[in-house]
Structures are given as structure tokens and as C-alpha cells.
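Before any comments, here is the structure.
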Amino acid sequence: MNVEWTPLVVALAGAWGAVTTVMVVLLIYRGTLTMHEDDQLFLDESESAMQQEQAQLLGKIERLQPYVRAAMAGSGALLAVLVALLVYDGIQKM
């Protein structure tokens, strides 16, 4: 199958690549944040700074989550449109 690289296909492929790159960077950043997250903390009064640090970390992760979801949805949607366009082009050439 010979794909015709129209400007629309090139633009969609570029947009998909950019959104997917942003998604991967966000996932890596979220992964580095969750590496430092503890499942359980047993703290006494003198270690309240550690509790505040964990609360700040959870806040960062929660603020990042909508951007990760949007990047995933955008990447998936652009990929679906790109594949549909290429399939349509392939069917038209048959």
C-alpha cells in the first residue's frame, strides 16, 4: 500500500507526535513524583515536616492528572483520525 503524504496527513502525524511526546513527558514526570510517595507513614510529632511533604506531593500528582488524561485522550483521538484517514485513502485507491 502506497500512502499519499498529503499536507493533512503530515499535519495530523505531526500533531499526534507532538501530543504523544507531551504525554510521555508527563507520564515520566508523574512516575518520578510517585517514586517518592510513601504508601504509609508512621510519624510522631517531630516528623510533621515529612507529612507536609507527602501532602504537597499528593497535591502535585492530583494537579497533574487532568493534563495526563487530556494528553492521553488527545493522542488517542488524533491517532484514530489519522488511521481512519489512511484507511479511507487506501479504500479509495482500490
Side-chain angles (χ1 to χ4, degrees):
M1 181 169 106
N2 196 2
V3 176
E4 184 177 332
W5 290 95
T6 64
L8 178 62
V9 172
V10 171
L12 279 173
W16 175 78
V19 171
T20 302
T21 301
V22 169
M23 179 190 71
V24 168
V25 168
L26 287 173
L27 288 172
I28 290 170
Y29 178 64
R30 185 180 69 178
T32 59
L33 288 177
T34 56
M35 275 189 338
H36 302 294
E37 180 185 12
D38 294 327
D39 291 335
Q40 285 186 331
L41 290 176
F42 299 102
L43 303 173
D44 57 7
E45 293 297 320
S46 65
E47 296 173 328
S48 63
M50 189 179 222
Q51 181 182 8
Q52 291 174 350
E53 183 181 311
Q54 289 295 311
Q56 288 175 351
L57 189 61
L58 284 175
K60 285 181 182 179
I61 293 170
E62 288 174 6
R63 284 192 305 271
L64 186 65
Q65 190 62 30
Y67 298 108
V68 171
R69 287 185 181 146
M72 285 180 169
S75 178
L78 284 170
L79 182 61
V81 170
L82 184 60
V83 168
L85 187 63
L86 292 174
V87 168
Y88 177 76
D89 186 46
I91 290 172
Q92 292 297 318
K93 290 183 179 182
M94 291 179 106

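Given the structure is predicted, the values throughout are model-derived calculations rather than measurements. For this chain, numbers begin at 1 and follow the sequence in order. What's counted below: heavy atoms across the whole structure, side chains too, no hydrogens, waters or symmetry copies.
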dist R63:CZ -> Q65:CD (nearest 0.5 Å) comes out at 13.0 Å
Output for pair (L57 CG, Q52 CD), nearest 0.5 Å, gives 13.5 Å
If hydrophobic clusters are built by linking Ile, Leu, Val, Met, Phe, Trp and Tyr wherever their side-chain heavy atoms come under 4.5 Å apart, do L12 and I91 end up in the same one?
yes
Going by the rule side-chain hydrogen bond (donor to acceptor under 3.5 Å, both in side chains), which residues pair with R69 if we only count those two or more places apart in sequence or in a different chain?
none
Would you say V83 ends up clustered with V19 if hydrophobic residues are merged whenever their side chains have heavy atoms under 4.5 Å apart, either directly or through other cluster members?
yes
Residue among L82, D89, L85, V81 satisfying side-chain contact (heavy atoms from CB on, under 4.5 Å) with L8:
L85
Side-chain donor or acceptor of T32 paired with backbone N/O of Y29 under 3.5 Å
yes
Going only through I, L, V, M, F, W and Y residues with side-chain contacts under 4.5 Å, is there a path from V25 to I61?
no
Using modelled atom types only, decide if a donor and an acceptor are shared between the side chain of S75 and the backbone of A71 within a distance under 3.5 Å.
no
Can you confirm whether M72 sits close enough to L27 that some side-chain heavy atom of one is under 4.5 Å from a side-chain heavy atom of the other?
yes
Treat each ILVMFWY residue as a node, draw an edge where side-chain heavy atoms are under 4.5 Å apart, and state whether Y88 and L78 are in one component.
no
Which atom names give the shortest non-hydrogen contact between L26 and Y67, and what distance separates them?
CD1-O, 3.7 Å
